[in-house]
Amino acid sequence: APTLTSPEESIEQFYAILSSVLDSEPINDNLILLGDFSARVGHDNSRWEGVLGQHGTGNVNINGLLLLSKCTEYDLVITNTVFRMADKYKTSWMHPRSDRLCDCSKT
């Protein structure tokens, strides 16, 4: 997925292609969507009921809002927010200078 610094045009094109792929899937199929969406979805599960579980972390960013909206549109669940796990396993971004995982709950 495009990063936060990608041009808006690239981001729109990515989500348009994603929508066309999701639209092509039979409605009765179980769908698992995997990937790095450069997104922080936060923890406001009351606003995103059915999409976001009780174990989100950090603050939502622009890519997170796009992902949450797409998941709402296609009735998808962000599963790593559904299961309880240690904070160190909730994020996967590695800071390029410190070689440490980002603790997105503090940003």
Side-chain angles (χ1 to χ4, degrees):
T3 63
L4 290 171
T5 58
S6 296
E8 189 173 328
E9 188 176 281
S10 297
I11 295 169
E12 288 174 6
Q13 182 181 17
F14 172 80
Y15 279 96
I17 292 169
L18 179 60
S19 290
S20 67
V21 169
L22 293 172
D23 286 337
S24 70
E25 293 302 312
I27 195 128
N28 293 331
D29 280 3
N30 290 324
L31 186 64
I32 298 173
L33 181 63
L34 301 171
D36 180 358
F37 287 85
S38 300
R40 288 186 298 178
V41 294
H43 57 272
D44 188 2
N45 66 325
S46 61
R47 180 171 182 212
W48 299 100
E49 190 173 345
V51 172
L52 196 61
Q54 296 179 357
H55 303 288
T57 185
N59 298 312
V60 67
N61 65 10
I62 294 295
N63 284 350
L65 286 174
L66 291 169
L67 181 60
L68 287 163
S69 297
K70 191 60 59 183
C71 288
T72 300
E73 183 179 347
Y74 288 93
D75 211 16
L76 299 172
V77 176
I78 300 175
T79 57
N80 66 336
T81 66
V82 174
F83 303 104
R84 189 171 154 192
M85 63 182 95
D87 284 345
K88 67 181 180 179
Y89 299 118
K90 290 183 181 183
T91 59
S92 61
W93 182 76
M94 184 79 68
H95 192 281
R97 282 178 274 163
S98 68
D99 292 330
R100 292 186 309 174
L101 287 175
C102 170
D103 183 359
C104 296
S105 61
K106 293 181 181 176
T107 58

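Please read these numbers as outputs of a predicted model, since none were measured by experiment. Heads up: numbering here begins at 1 and tracks the sequence.
- Side-chain heavy-atom separations under 4.5 angstrom define the hydrophobic clusters, and the remaining members of the one that includes L34 are I32.
- When all heavy atoms of S38 and A1 are compared, the pair lying nearest together is OG-O, 4.2 Å.
- Pairs passing the salt bridge (Lys or Arg N to Asp or Glu O under 4.0 Å) check and including a residue from residues 51-72, sequence neighbours excluded, read K70-E73.
- In this view, T72 and W48, V51 satisfy the side-chain contact (heavy atoms from CB on, under 4.5 Å) rule, not counting sequence neighbours.
- Within a 6.0 Å radius of CG in D75, no more than 12 heavy atoms belonging to other residues, nucleotides or ligands are found.
- When all heavy atoms of V82 and H55 are compared, the pair lying nearest together is O-CD2, 3.2 Å.
- Going from atom CG of L76 over to atom CG of L33 covers 6.5 Å, rounded to the nearest 0.5 Å.
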Distance-only donor-acceptor hits, side chain of residues 21-28, under 3.5 Å, sequence neighbours excluded:
{"unit_1": "D23", "atom_1": "OD1", "unit_2": "Y74", "atom_2": "OH", "d": "2.8"}
{"unit_1": "D23", "atom_1": "OD2", "unit_2": "Y74", "atom_2": "OH", "d": "3.4"}
{"unit_1": "S24", "atom_1": "OG", "unit_2": "V21", "atom_2": "O", "d": "2.7"}

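- Every side-chain hydrogen bond (donor to acceptor under 3.5 Å, both in side chains) that S46 has, sequence neighbours left out, goes to D44.
- Looking at residues two or more places apart in sequence or on another chain, you find a side-chain contact (heavy atoms from CB on, under 4.5 Å) between N61 and L4, A39, R40, N63.
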Just distance, no hydrogens or angles: give the donor-acceptor pairs under 3.5 Å from side chains in residues 6-18, sequence neighbours left out.
{"unit_1": "S6", "atom_1": "OG", "unit_2": "T3", "atom_2": "N", "d": "3.0"}
{"unit_1": "S6", "atom_1": "OG", "unit_2": "T3", "atom_2": "O", "d": "3.3"}
{"unit_1": "S6", "atom_1": "OG", "unit_2": "T3", "atom_2": "OG1", "d": "3.3"}

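- Here the closest heavy-atom approach between residue L67 and residue V41 is recorded as CD2-CG1, 4.3 Å.
- Here the shortest heavy-atom pairing between L65 and R47 reads CD2-NH1, 4.3 Å.
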